[in-house]
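Right, one structure below, let's go through it.
Note that ligands are numbered from 1 as they come in the structure, with each ligand's atoms numbered from 1 the same way. Just so you know, residue 1 is the first one in the sequence shown, and it goes up from there.
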Amino acid sequence: MIIAIDIGGTKISAALMDNNEIIESKKTDSIIHHDLDNLASYVVHLCQDWIEKAHIVAVACTGQVGKHQVNFLSAKQALPLQQQLKAGFGLPVVILNDAAAAAWAEYCLGPKRQDSTLVYITVSTGIGGGIIQNGQLVTASDGFCAHIGHMSVNCPTALSVQCHCGRINCVEAISSGTSIARQASTILKTAVSCKNVFEQHLSHPEITTLLDQCADALVDLIANIKALTGTTVVVLGGSVGGASAFKERVAAKIAKLPMIYQVSLVSPITGEHADLIGAAMYAQTING
Ligand code: ADP
Ligand code: ZN
């Protein structure tokens, strides 16, 4: 059996898996923004009961997942996470970026399509991506690739902002859950979460404008990605990407792009467990 773990900016999910099926699962708050040094022990503790049953640990993790370390861009800190987890679990550990894992799951389990390219975009705490080109997951040894949240896009001057990576107008700094919450809190003059914006404030006219602008920025990114990869399919995941008020805006704006930039926008068929399933499947392909 496989222990699969999904480490996000807001939540950490884990599952005991057998043949890509989830036997048991757990979910807890993420600690990466306030207690990164204890991340490995926190995750090992979460999965303690499953260690004896498993032969491998598969991890989907936010951030720049390189060969030797994970660089958590938003926390400006890096950890030798694979080594730490290997020591903590006493098992082999395979680790890849969370959106890359989700892309792999969708590519392997989704409907068979004519081409062998697929792009997965997650709009969640941040914005991440996974790219499959010619049937292969696009990777880089330092892990900085397919980090499409850090591609800069057009946006109204009022939304223009410096990203935590150092560049101006990265789409993550404009359209992520963190950014939507920040901008909505200014509009509403009270601190709100992104979830709260979608649950309670959708009819507020300035929030409507904000969400339109955030969707525009994401569609600008999607058009760039189409030009780069030629993908015909973009899978839109993450809690914000899955919110119908957001997804419908994005789909409507894609339909207005010039024809060569248009893609089919689909939801992940692996649902909220895309990262866990993809990590487990990827671990099996490279570890047998
Ligand atoms: P992670 O980034 O840990 O993978 P999520 O994909 O759940 O986690 O993204 C978290 C972000 O999504 C937060 O900004 C949160 O407020 C927002 N969010 C959570 N649920 C919803 C929802 N139902 N609709 C819109 N936004 C949501
Ligand atoms: Zn950036």
Query raised in the report: Can you tell if the side chain of Val250 reaches within under 4.5 Å of the side chain of Ile254, non-hydrogen atoms only?
Result: yes

Looking only at protein heavy atoms, what sits closest to atom 8 (O) of ligand 1 is Lys11 NZ, 3.3 Å

In terms of heavy-atom contacts, Val138 and Cys145 come closest through O-SG, 3.5 Å

One finds that the ligand 1 atoms under 4.0 Å from a non-hydrogen atom of Gly177 are 14 (O)

**OP:** Show your reasoning for whether side-chain contact (heavy atoms from CB on, under 4.5 Å) applies to Ser124 and Thr10.
**Re:** CA-CA 8 Å; Ser124 46; Thr10 300; over 6 Å; no

Sequence neighbours excluded, the answer for ring-ring contact (aromatic ring centres under 6.0 Å, His included) partners of Tyr261 is none

What donor-acceptor contacts under 3.5 angstrom involve side-chain atoms of residues 264-281, with partners at least two apart or in another chain?
from: Ser267; atom 1: OG; to: Lys247; atom 2: NZ; distance (Å): 2.7
from: Thr270; atom 1: OG1; to: Glu106; atom 2: OE2; distance (Å): 2.4

When every non-hydrogen atom of Phe246 is compared with those of Val240, the smallest separation belongs to CB-O, 3.5 Å

So the protein N/O/S atoms within less than 2.8 Å of the Zn ion (ligand 2) come down to His150 ND1, Cys163 SG, Cys165 SG, Cys170 SG

One finds that the ligand 1 atoms under 4.0 Å from a non-hydrogen atom of Phe198 are 24 (N), 25 (C)

Does the side chain of Thr232 pick up a donor-acceptor pair with the side chain of Asp115 at under 3.5 Å?
yes

Going by the 4.0 angstrom heavy-atom rule, the piece of Cys194 near ligand 1 is both

The closest protein heavy-atom partner of atom 19 (C) of ligand 1 is Ser239 CB, 3.4 Å

_What verdict does the side-chain contact (heavy atoms from CB on, under 4.5 Å) test give for His164 and Lys76, after you've listed the backbone C-alpha separation in whole Å, the side-chain angles of each residue and the deciding distance to 0.1 Å?_
CA-CA 8 Å; His164 53 78; Lys76 296 194 167 34; 3.7 Å; yes

For Ala243, the ligand 1 atoms with a heavy-atom partner under 4.0 Å come out as 24 (N), 25 (C)

Run the numbers on Thr231 and Thr229 for side chain to side chain donor-acceptor pair (under 3.5 Å), then give the verdict. CA-CA 5 Å; Thr231 192; Thr229 64; 4.8 Å; no

query = Taking distance alone, with no angle check, do Lys195 and ligand 1 share an N/O pair under 3.5 Å?
reply = yes

Min N/O separation Thr10 to ligand 1 under 3.5 Å:
yes

Looking at Ile12, Thr125, Val123, the heavy atom closest to atom 11 (C) of ligand 1 belongs to Thr125

In short, Phe144 meets Leu73 closest at the heavy-atom pair CE1-CD1, 4.2 Å

| said: When you measure from the heavy atoms of Gly9 to every atom of ligand 1, does any distance fall below 4.0 Å? | reply: yes

Applied to residues 177-205, the salt bridge (Lys or Arg N to Asp or Glu O under 4.0 Å) test, sequence neighbours excluded, yields Lys195-Glu199

Quick note on ligand 1: atoms under 4.0 Å from a heavy atom of Gly8 include exactly 3 (O)

